[in-house]
Amino acid sequence: MLKFKFLLWAFAQMLKRQVKKNPDFARYIQAKRLVFQIRTASGSGRYFVIEEGAIRSHAGLTANPQFTLCFKDAGAGFATLSAKDSQAAFLQSLASKDLTISGDFREVMWFQGLTAFLQPPKVIQPYNRTAF
């Protein structure tokens, strides 16, 4: 449970850092108003507020999020959110019912675009000329 809570807190810090360091990210959230939460079925979680170009997060749950990512338990949440191939882990969790999503799916898709800013840039290897 503690690792899941720490991961959610660290996620909030990563989002806040992106606002300060990445102008594209800041533009992406500039005109957005969104409240979402990530939680477990037992009721542990954190909610996030994106408003006026800033991101705030709070421990606990909110009554009216625009969407909720609900994991069956903290272990499943930690495994999914910390996976190296996050997109595949996310889809696998949905298929296995370890993760349920409720709320406005347009906002979920917008959130997927937001998390793309957190991915490290891909390094393209130079062309290997030794084969010729």
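In this text the structure is predicted, and so the values were computed from the model without any measurement.
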Can you tell me how far [atom2] of [Y] sits from [atom1] of [X], rounded to the nearest 0.5 angstrom?
X    : Y   : atom1 : atom2 : value
Q66  : Q37 : CD    : CD    : 11.5 Å
D104 : F67 : CG    : CZ    : 9.0 Å
L99  : Q92 : CG    : CD    : 11.5 Å
Q30  : F25 : CD    : CZ    : 12.5 Å

Tell me whether the centres of the aromatic rings in F36 and F111 are closer together than 6.0 Å.
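That pair passes the under 6.0 Å test.
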
Under a single-linkage definition using a 4.5 Å side-chain heavy-atom cutoff for Ile, Leu, Val, Met, Phe, Trp and Tyr, are [X] and [Y] assigned to the same hydrophobic cluster?
X   : Y    : answer
I50 : M109 : no
L7  : M1   : no
M14 : F4   : yes

Side-chain heavy-atom pair [X], [Y] within 4.5 angstrom cut-off:
X   : Y   : value
V35 : T62 : yes
R56 : H58 : yes
S96 : K72 : no
V49 : R33 : yes
Y47 : L8  : no
S44 : K5  : yes
T68 : I38 : no
F11 : R46 : no

Can K32 and E107 be counted as an ion pair, charged N to O under 4.0 angstrom?
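Result for this pair is yes, salt bridge flagged.
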
Nearest heavy-atom pair of [X] and [Y]: which atoms, and what distance?
X   : Y   : value
N22 : D24 : OD1-N, 3.0 Å
I55 : K16 : O-CE, 3.3 Å
P23 : K21 : CD-O, 3.5 Å
A26 : V19 : CB-O, 3.8 Å
K3  : F78 : O-CD1, 3.6 Å

Between Y28 (side chain) and W110 (backbone), is there a donor-acceptor pair under 3.5 Å?
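Yes; at least one donor-acceptor contact below 3.5 Å.
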
For the pair T115 (side chain) and Q112 (backbone), establish whether a donor and an acceptor sit closer than 3.5 Å, ignoring hydrogens and angles.
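Checking the backbone N and O of Q112 against the side chain of T115, a donor-acceptor pair under 3.5 Å is found.
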
Go through I101 and F90 one step at a time and tell me if the side-chain contact (heavy atoms from CB on, under 4.5 Å) criterion holds.
CA-CA 11 Å; I101 300 173; F90 200 79; 4.0 Å; yes

Set out, in order, the CA-CA distance, both residues' side-chain angles and the distance that settles side-chain contact (heavy atoms from CB on, under 4.5 Å) for F71 and L81, then state yes or no.
CA-CA 10 Å; F71 292 95; L81 295 174; 3.9 Å; yes

For the pair L15 and L114, evaluate side-chain contact (heavy atoms from CB on, under 4.5 Å) and give the outcome as yes or no after the intermediate values.
CA-CA 9 Å; L15 292 173; L114 178 80; 4.0 Å; yes

Set out, in order, the CA-CA distance, both residues' side-chain angles and the distance that settles side-chain contact (heavy atoms from CB on, under 4.5 Å) for T40 and D73, then state yes or no.
CA-CA 5 Å; T40 63; D73 57 32; 5.6 Å; no

Exceeds 12 heavy-atom contacts within 6.0 angstrom, atom CD of E51:
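Atom CD in E51 is packed in, count exceeds 12.
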
